[in-house]
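Written below as structure tokens is the structure these notes are about.
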Amino acid sequence: MVTVRGFEHLFQPIKIGPVTIRNRIYSTPHTLAYPEFAPGSPYVPLPSERMAYYYAERARGGIGLIIMHASSVHPSSDYLFMPHLFDRRSITMLKKIADSVHEHGAKIFVQLWHGGHHATNYLTGHPPVSSSQIPDVAPSAPLQTPLVPKELEVEEIHEIQRAFAETAKICKEAGFDGIELHGTHSYLIEQFLSPFWNKRTDEYGGSLENRMRFLLETLQLIRKECGYDVALGVRMIADEMLPGGLSLEDNKVIAQKLEESGLVDFLDVDIGTYHTIPVMIAPHGIGPLHEVDYIAAIKSAVKRIPVLGCPGRLVDPYDAERLLAEGKMDMVGGARLFIADPEWPNKVKEGRLDDIIRCISCNYCIARLFTLPYVGVTCAINPVTGREKEWGTGTLKAADKVRNVIVVGGGPAGMEVARVAALRGHNVTLYEKASHLGGRLLLESKLPSKDVYAGTIRWFERQLQRLGVKVVTNHEVSAKMVLDQNPDVVVIATGASYSRTGVSGFISSPIKGWDQKHVLTPEMVINGEAKVGENILILEEENNTMAADLAVMLASKGKRVEIVTRWQFVGAGMFQTLQMAYYYPLLYKYGVVMTPNHYISEIGPDYVKLFNIFTSEEFVRKGVDTVILVTMRQSNDQLYKELKGKHPNLHRVGDCVAPRDLGWIMYEAHKLGRAI
């Protein structure tokens with residue numbers, strides 16, 4: 001029996017059907033978008049070597065069970081490059097994925113999926129299908145027309161059910177330990193189960209018995225094809241949170257009926273649909289463990305089969321242990337915590353809790369699915385994620401020659417370069433002109449919803465100290481000082497600062513009136529460097545969360561705030577990170593006025609002149625005593641320019657090269673640290 005002091009429940013084995021799993025930690029299925037396309041068939045995505053390396057890294061990290069992400073069972077279900085497992089050409093790589101996980105002692109299930117009306121079918125050209133002709137609520141791209149599906153005919157229902165079973169057989173042949181049917185998040189199985197979507201009047205609609213028929217018949221076919229020597233279960237929803245949808249009590253009954261059927265070995269419980277994205281994939285700002293009571297309610301409804309649960313924003317291992325000890329669930333899991341740190345289980349087991357890279361729930365990983373599908377899931381704070389073949393465990397080698405390295409700038413890029421260079425054995429000194437490390441992370445950690453960012457800074461501080469990096473704060477570095485020290489390598493990571501002029505790609509000249517004392521940048525507001533009045537206008541150009549964060553912070557203190565943006569809506573980029581549904585209720589709650597399709601032409605002493613970007617019509621907003629320009633960040637590259645040509649091994653990295661999102665600068669910094 002495995003016991004780990006303080007985590008006696010977390011590291012106990014568990015049996016799910018015929019499968020024994022070494023601990024109670026599992027990776028919930030999460031789409032990666034790492035496709036390999038079938039030779040000669042550019043529209044057929046298959047499992048990939050990149051997936052094998054990704055899952056192997058997490059198995060090596062000590063996890064008990066991995067559930068491979070949603071994978072298509074039929075040509076009528078295609079979305080986000082999910083692999084077509086119904087194509088037998090998938091079996092070679094499926095075997096490699098299963099073998100790579102088993103090599104490190106973990107078990108692997110696969111989640112079989114049909115998207116129903118959410119399937120875009122861009123690759124196959126097949127019309128979306130569903131239980132009834134109810135459109136999807138959340139198109140896969142901003143402002144896309146919702147997909148209206150074809151109502152499935154009975155013979156088509158049977159075809160899809162057979163496809164589930166035949167695909168399950170392929171996965172069993174490839175060596176997978178279990179099968180999970182994706183029955184939640186408003187995909188096809190849930191579209192049959194839920195009266196919100198299912199309006200049928202035949203044997204597959206109406207009563208709960210009829211609405212469960214699609215799922216139960218599918219499970220029966222899978223058992224017929226695969227027998228009982230693989231685990232079989234359902235990922236089910238605890239509460240749709242939809243008027244006219246499935247309530248918690250409804251789903252407790254469904255859980256009981258699934259157990260009574262004798263067809264399933266486990267339930268994997270989650271909450272949320274595309275209607276309620278913030279509870280399904282919670283961004284920072286929503287507290288951790290918000291799903292626990294729902295999962296516990298489903299567990300209370302069944303007697304024999306294990307209930308797996310994703311508590312929501314899980315990062316703390318003591319929370320995981322407590323949930324198991326209290327009987328809230330039988331296995332505890334998540335996705336983003338292992339995206340951020342695949343070694344989470346081993347670090348817990350070895351008592352290295354301070355070494356855990358804690359997920360900041362920024363949903364950068366999710367955004368990669370929508371913005372760069374061929375890049376797929378990566379992590380803002382762990383650049384190794386998605387690059388495990390090149391950068392995974394065992395790939396970082398000691399340097400051939402130990403060098404003296406100076407890094408100037410203690411923001412995320414500077415800290416990552418220093419950390420990786422020190423891991424390779426170099427002598428590293430890190431200079432920061434402020435009193436604390438963190439840079440842009442420190443700035444954003446002062447915002448109400450992003451205090452979690454401070455944890456990343458603390459992690460870096462601990463790693464740098466452990467690696468012997470000499471950290472010097474409150475020290476502004478000059479070119480002469482660098483040259484006088486005669487280091488072998490110099491890295492400039494001096495970041496970027498918001499421009500106070502209002503210059504942007506839309507208006508490349510300074511806004512008239514920008515130089516008045518009541519015109520501020522986000523840094524000036526967040527750091528308390530300037531007085532903020534009562535009537536505030538924020539110009540948003542960055543298309544991210546900064547303007548919304550400032551507005552909520554100020555409006556919650558009783559100030560009157562308006563956000564003006566030339567985009568169609570405030571924070572349009574938040575669509576891709578699923579944060580919009582979190583921020584907008586707050587903006588409305590605090591009475592923030594949002595004015596899209598406009599820009600500033602002039603700032604006066606107590607007014608702002610706006611113009612409509614489509615009609616050029618101007619009007620004046622009077623009584624404005626503070627203007628905050630969230631337009632662009634400019635690189636702080638003066639020191640680099642002064643040193644260029646004067647040192648033979650000079651590099652710059654991160655925002656001081658060009659301001660970008662956190663994930664890209666961390667990637668660049670990690671890459672440079674490996675190259676030094």
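Computation of the quantities below employed the complete heavy-atom set of this structure, encompassing side-chain atoms and omitting hydrogens, waters and symmetry-equivalent molecules.
- Within the cation-pi definition used here (under 6.0 Å to the ring centroid, within 45° of the axis), Arg50 qualifies as a partner of Tyr34.
- Annotation: side chain to side chain donor-acceptor pair (under 3.5 Å) contacts of Tyr55 (sequence neighbours excluded): none.
- Every residue two or more places apart in sequence or in another chain that forms a ring pair (Phe, Tyr, Trp, His ring centres under 6.0 Å) with Phe214 is listed here: Phe192.
- At least one side-chain heavy atom of Arg200 sits less than 4.5 Å from a side-chain heavy atom of Glu151.
- Panel note: side chain Arg213, backbone Glu209; no donor-acceptor pair is recorded below 3.5 Å.
- Annotation: Phe266 is in aromatic contact with Phe109 [ring centroid separation under 6.0 Å].
- Within 6.0 Å of the CG atom in Asp293, the count of heavy atoms belonging to other residues, nucleotides or ligands does not exceed 12.
- At a threshold of 4.0 Å, the pair Arg322-Asp319 counts as salt-bridged, since one of the basic side-chain nitrogens sits closer than that to a carboxylate oxygen.
- Ion pairing between Glu203 and Arg211 fails under the 4.0 Å rule for side-chain N and carboxylate O.
- Contact check on Lys96 versus Glu49 returns a salt bridge, with a Lys/Arg side-chain nitrogen under 4.0 Å from an Asp/Glu carboxylate oxygen.
- Applying the side-chain contact (heavy atoms from CB on, under 4.5 Å) test to Ala282 and every residue at least two apart in sequence or in another chain returns Ile286, His290, Arg313, Arg336.
- For the atom pair His69 NE2 and His182 NE2, the distance stands at 11.5 Å (nearest 0.5 Å).
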